[in-house]
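The structure appears right after this line, and notes come after that.
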Amino acid sequence: MSYTAMYRRFRPSRFEEVKGQDAIVTTLKNQIRADRIGHAYLFCGTRGTGKTTIAKLFARSVNCEHPVDGDPCGQCRSCRAIASGASMNVIEIDAASNNGVDNIREIVEEVSYSPAEGKYKVYIIDEVHMLSTGAFNALLKTLEEPPSYVIFILATTEANRIPVTILSRCQRYDFKRLTVDQIEDRMREALQEAGEELRIEDRALRYLAKAADGAMRDAWSLLDQCMAFHFGQELTYDMVLDVLGAVDTAVFSRLLRRILERDVAGCIGLLEEIVLQGRDMGQFVADFAWYLRNLLLVKTSGEDSEEVIDISSENLARLKEEACMAEADAIMRYIRCFSELSGRIRFAGQKRILIEMELIRLCRPQMETQEDALLDRIRSLERDLEELKRGGFAPAPGSGAATTEPAPESAAAPAAPRREELPLAVPEEIRTLVGRWREIAGSAPQPMKSYLKGARLSLGGENRLQLVLEDGVASDYFLKGEGNRDALEALLENFLQKKVEVEYRAVKSSAEFESSYVDLGQVIHMDIEEE
């Protein structure tokens with residue numbers, strides 16, 4: 001026997017098994033019990049919310065020979081025929097592929113024939129919004145006054161595309177998305193009733209219910225996919241993340257903290273890890289936006305946050321800690337940026353590049369012109385001023401602040417262990433370095449080579465070489481990466497055979513460099529010409 005997909009195997013056979021649509025189920029069961037059955041119904045709602053399932057249950061119930069409290073008995077000839085798809089009384093039509101006038105005219109002609117057995121002929125037209133204008137017009141009269149033995153059930157995910165003339169002839173029922181609890185309960189209940197030998201962690205089942213985004217069918221499909229990949233094994237949370245290409249929430253926490261620290265290099269490095277793990281970039285963006293949404297709710301709801309969001313106590317504690325680190329307006333800006341990115345990335349060819357650009361923009365509020373970035377920019381400046389008042393000021397990456405004072409020891413490159421102690425380079429030998437800078441930069445590996453070629457050179461305190469870089473990725477490469485600083489100093493020492501101490505500075509523009517620094521390259525170039 002061929003394998004049957006889970007969403008088909010576990011399709012509800014009784015109304016009480018349908019989750020999340022209590023009002024609709026109660027109304028339809030009351031109509032069946034009171035024999036007040038309408039002639040046309042319109043079921044509206046997003047995918048996987050139970051429209052087709054309830055339509056089939058309703059068709060079985062109205063034709064059942066021995067209904068039980070509005071439910072089909074499941075044992076009579078009519079119930080078995082409908083369940084197996086062999087009944088001539090239930091006709092399912094896909095309007096996406098049968099949307100022409102001729103298709104509807106065939107239905108209109110068939111309506112004139114009464115059912116050979118059973119009480120009603122039920123026409124279930126799925127994706128009815130796909131019908132052409134002519135097809136809708138051909139259906140109008142029959143839909144308004146069908147024979148007493150005919151019931152039309154129209155299902156759609158886009159009710160706004162249904163003509164008003166059709167809407168006015170139907171009883172409309174709007175299906176809601178299912179909650180995470182409802183999906184989880186239904187999956188666990190169905191698996192237990194079927195006696196499935198499926199071992200799955202509660203945390204993994206919870207994540208599947210959450211990933212389904214309110215659609216029961218999606219939850220079953222995701223579980224089917226995970227079971228096929230890890231057949232015969234206990235399905236763990238990590239396994240589910242691997243199959244779905246998702247990222248653990250702990251990674252989102254690390255990413256958020258790097259954004260708050262304005263650590264561009266750290267953000268790009270973390271994204272590199274996620275890419276190497278084979279995670280789906282679109283899913284990553286959507287999940288991070290959801291993480292930020294939870295953070296905003298924790299920030300604004302205070303002590304009531306446990307009732308607002310559905311996460312573990314461990315993750316909630318982490319969110320509360322991060323809520324104290326970020327302002328509400330900054331979180332809202334992050335959500336806006338990633339929500340917009342989620343729409344753009346769907347059809348992008350270079351998803352990773354778009355995410356990297358967005359992370360840089362979040363770490364550099366001065367790059368944005370939107371109003372909600374102003375407060376973040378002001379806070380960044382205030383933080384730099386506070387550092388200046390305390391006497392330990394070093395330009396924050398991306399702040400654009402420049403100073404001629406020596407940076408604190410943490411900003412200078414730490415002395416790496418050497419095979420032998422080399423004497424310090426004196427200004428004359430530094431002049432040699434500057435004069436042959438193009439040659440030195442050309443021998444460096446990428447991306448250091450590009451950054452060195454765009455750098456400006458000046459003389460720092462105590463005869464140190466001062467490397468002035470463009471504010472942004474270039475400055476972060478050296479200011480944030482200690483290993484990169486060590487590599488550059490080793491390159492210079494190998495060239496000169498003397499120890500070279502380098503200071504690093506970041507400036508926004510050439511004008512700022514001209515006003516604050518002496519261009520050592522220009523001075524040395526002029527001396528060489530005079531000789």
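In what follows, every heavy atom counts, from backbone to side chain, and hydrogens, waters and symmetry copies are set aside.
- Taking the salt bridge (Lys or Arg N to Asp or Glu O under 4.0 Å) definition, one finds that Asp94 meets it with nothing, sequence neighbours left out.
- Side chains of Glu127 and Thr156: no donor on one and acceptor on the other come within 3.5 Å.
- Taking 4.0 Å as the cut-off between side-chain N and carboxylate O, Arg186 and Glu189 count as a salt-bridged pair.
- Both tests pass for Arg203 against the ring of Tyr237: distance under 6.0 Å to the centre and angle within 45° of the axis.
- Ala487 pairs by the side chain to side chain contact (heavy atoms under 4.5 Å, CB included) definition with Met448, not counting sequence neighbours.
- Residues that satisfy the salt bridge (Lys or Arg N to Asp or Glu O under 4.0 Å) test with Arg188, not counting sequence neighbours, are Glu184, Asp202.
- Using a 4.0 Å cut-off between charged side-chain N and carboxylate O, Lys351 and Glu356 make no salt bridge.
- Scored by the side chain to side chain contact (heavy atoms under 4.5 Å, CB included) test, Ala212 finds Ile183, Asp218, Ala219 as partners (sequence neighbours excluded).
- Partners of Ala289 under the side chain to side chain contact (heavy atoms under 4.5 Å, CB included) rule, at least two apart in sequence or in another chain, are Phe338.
- A search for side chain to side chain contact (heavy atoms under 4.5 Å, CB included) contacts involving Lys453 returns Arg438, Ala441, Lys449, not counting sequence neighbours.
- Residue Gln182 places its CD atom among more than 12 non-hydrogen atoms of other residues, nucleotides or ligands, all under 6.0 Å distant.
- A cation-pi geometry, defined here as NZ or CZ lying under 6.0 Å from the six-membered ring centre and within 45° of its normal, does not hold between Arg217 and Trp220.
- Of the charged side-chain nitrogens involved, none lies within less than 4.0 Å of a carboxylate oxygen, so that Arg318 and Glu321 do not count as a salt-bridged pair.
- Defined by atom type and a distance below 3.5 Å, a donor-acceptor pair is present between the side-chain atoms of Glu322 and Tyr291.
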